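Structure first, then comments.
Since the model is a prediction, treat every value here as computed from it, not as a measurement.
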Amino acid sequence: MAARLYLDHAATTPMHPLAAEAVVRGMAGWANPSSPHSEGRAARAALESARNVIKAAYGWTGELILTSGASEAIALAVTRAQVASKLVSVTEHDAVLRMMPDAGRLSVAADGRIDLAALARALATSPAPALVAVQWGNSETGVIQPLHEIGKLVKAAGGVLFVDAAQMPANWKGGDLPQDVADLIAISGHKRGGPAGVGGLLVRDLSLLLPTGGQERGYRGGTENVPGALGFAAAVSIPENLAAMSGMRGRLDQAVKALGGDVVADGALRAPHIGSYRLPGLSAAAQLIRFDLAGVAVSAGSACSSGTMRPSHVLAHMAWEAAAAGEVIRVSFGRSTTPADIERFISAWAEIAREARARAVPAEAAA
């Protein structure tokens with residue numbers, strides 16, 4: 001029996017062995033890093049070393065507030081930013097939209113990229129300074145936002161740019177780096193091969209945020225997670241093979257289209273490790289069951305919404321009709337994904353598509 005094939009790395013990716021080793025080392029140094037004694041100072045030194053490694057991996061020269069994950073980093077950014085108004089892209093992750101219920105919504109084009117003209121109008125009419133929240137790359141479609149152009153508009157209006165970069169590999173060197181233009185950036189440990197329960201907020205200037213006391217320079221409470229920070233640092237120190245992932249996604253895009261499927265945001269700049277695909281005539285829920293029975297793990301939308309199987313707000317705002325959007329699944333790669341894995345997935349897709357067409361023919365004949 002073939003081993004199961006995991007293609008849901010955008011939800012979480014297996015911890016890298018070196019990250020796991022770092023976590024174990026951190027657990028051996030169990031002292032509280034805020035304690036003044038020798039053990040506490042040793043824990044503090046380990047924590048600060050990990051902080052510096054993470055910052056260097058992302059090419060960041062500002063501050064890093066370590067958090068329990070990207071969701072906490074997002075909440076910290078959007079609720080503590082000292083701004084007069086807030087604007088958010090309509091295709092953001094649920095973790096962002098939940099934190100910004102009263103923010104102005106920014107529309108996107110059919111390719112998922114933010115409408116720059118709409119952003120300019122919103123900035124011109126919103127009280128300044130405005131916080132603008134956009135993703136680096138969409139967690140469902142992989143579409144990468146034009147951050148340099150967005151950043152220019154936000155800066156010209158005296159605003160603050162927050163980027164959810166939970167899906168961005170630390171060694172991403174493509175265009176539109178959030179590090180070049182953003183004031184606040186949320187990052188995640190477990191999506192990069194580190195442990196769950198740790199993430200961070202990259203901050204260009206701490207004066208942007210309202211402090212509340214506690215740890216992390218007064219911006220969050222709770223004892224610092226030294227083992228998690230060490231594991232996060234170890235994971236982002238190991239580059240991901242983005243060129244290989246891009247090649248595999250290109251091969252999958254080509255195969256899906258050849259088999260009669262649709263590639264979401266085909267032609268748009270997308271993250272190399274995330275692709276969304278429609279199999280006409282078969283619901284996403286049915287596809288997930290079929291792929292799971294074939295030993296393949298994929299998802300429908302982001303991890304936070306796929307369990308509910310509710311319609312994708314991302315695809316709806318990209319002008320997808322509900323029926324078609326309900327036939328879309330997400331495939332995402334990680335360090336362990338190989339070209340052979342992609343061929344296995346393509347074979348499974350072809351078989352599922354063939355069976356779906358075969359069932360559709362008798363139904364059409366009966367009609």
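The heavy-atom pair separating Gly231 from Ala19 by the smallest distance is O-CB, 3.5 Å. When all heavy atoms are compared, the tightest approach of Ala22 to Ala234 is CB-CB, 3.9 Å. Between Glu240 and Pro169, the shortest heavy-atom distance links the atoms OE2-CB, 3.6 Å. Met15 and Val23 make their closest contact through SD-CG2, 4.3 Å (heavy atoms, listed as atom of the first residue, atom of the second, distance). Residue Ile114 comes nearest to Gln145 through the heavy atom pair N-OE1, 2.8 Å, listed as atom of the first residue, atom of the second, then distance. Nearest heavy-atom pair across Pro280 and Asp262 is CG-OD2, 4.2 Å.
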Can you list the steps and then say if Ser312 with Val328 is a side-chain contact (heavy atoms from CB on, under 4.5 Å)?
-> CA-CA 9 Å; Ser312 167; Val328 173; over 6 Å; no
Criterion salt bridge (Lys or Arg N to Asp or Glu O under 4.0 Å) on Arg51 and Glu48, from CA distance to verdict = CA-CA 5 Å; Arg51 191 191 312 274; Glu48 295 309 317; 2.9 Å; yes
Please step through salt bridge (Lys or Arg N to Asp or Glu O under 4.0 Å) for the pair Lys257 and Asp253, ending with a clear verdict.
-> CA-CA 6 Å; Lys257 288 186 286 188; Asp253 288 357; over 6 Å; no
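Relative ring orientation between Trp349 and Tyr277 is described as perpendicular, the plane-to-plane angle rising above 60° on a 0-90° scale split at 30° and 60°. Ring planes of Tyr58 and Phe232: perpendicular class, angle over 60° (limits at 30 and 60°).
Electrostatic pairing of Arg354 and Glu351 counts as a salt bridge here, judged by a charged N lying under 4.0 Å from a carboxylate O. Using a 4.0 Å cut-off between charged nitrogen and carboxylate oxygen, Arg278 and Glu327 count as a salt-bridge pair.
For Lys191 (side chain) and Thr13 (main-chain N/O), no donor-acceptor pair under 3.5 Å exists by modelled atom type. Checking side-chain atoms of Lys55 against main-chain N and O of Gly62 turns up a donor-acceptor pair under 3.5 Å. Here the side chain of Arg270 pairs no donor or acceptor atom with the backbone of Gly137 at under 3.5 angstrom. Side-chain N or O atoms of Arg98 include none that pairs as donor or acceptor with a backbone N or O of His93 at under 3.5 Å. Put simply, the side chain of Arg25 never gets that close to the backbone of Leu230: no donor and acceptor are under 3.5 Å apart. The main-chain N or O of Ala109 is never found under 3.5 Å from a side-chain atom of Asp115 such that the two would form a donor-acceptor pair. Of the possible donor and acceptor atoms, none in the side chain of His16 sits under 3.5 Å from a partner among the backbone N and O of Arg192. Within the 3.5 Å criterion, the main-chain N or O of Leu161 finds a donor-acceptor partner in the side chain of Asp183. In this structure a side-chain-to-backbone donor-acceptor pair under 3.5 Å is present from Arg204 to Gln179. A donor-acceptor contact shorter than 3.5 Å links the side chain of Gln167 to the backbone of Ala10.
Side-chain atoms of Ser49 and Asn52 form no donor-acceptor pair, as typed in the model, at a separation below 3.5 Å.
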Could you go through residues 314-325 and list every donor-acceptor pair under 3.5 Å that involves a side-chain atom there, pairing it with any protein atom two or more places apart or in another chain?
none

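Under a hydrophobic clustering in which Ile, Leu, Val, Met, Phe, Trp and Tyr are joined whenever their side-chain heavy atoms come within less than 4.5 Å, directly or via other members, Met99 and Leu106 fall into different clusters. Residue Val154 is grouped with residue Leu147 when hydrophobic side chains (ILVMFWY) are merged at heavy-atom distances under 4.5 angstrom, including chains of intermediate members.
Under the side-chain contact (heavy atoms from CB on, under 4.5 Å) test applied with Leu66, the options Ile54, Val226, Leu201, Ile187 reduce to a single match, Ile54.
For the atom pair Leu259 CG and Gln254 CD, the distance stands at 10.5 Å (nearest 0.5 Å). Atom CE of Met245 is separated from atom CD1 of Ile342 by 10.0 Å, given to the nearest 0.5 angstrom. How far CZ of Phe333 is from CG of Asp341: 9.5 Å, rounded to the nearest 0.5 Å.
Looking at heavy atoms from C-beta onward, Ser139 lies out of side-chain contact with Ile274 at the 4.5 angstrom threshold.
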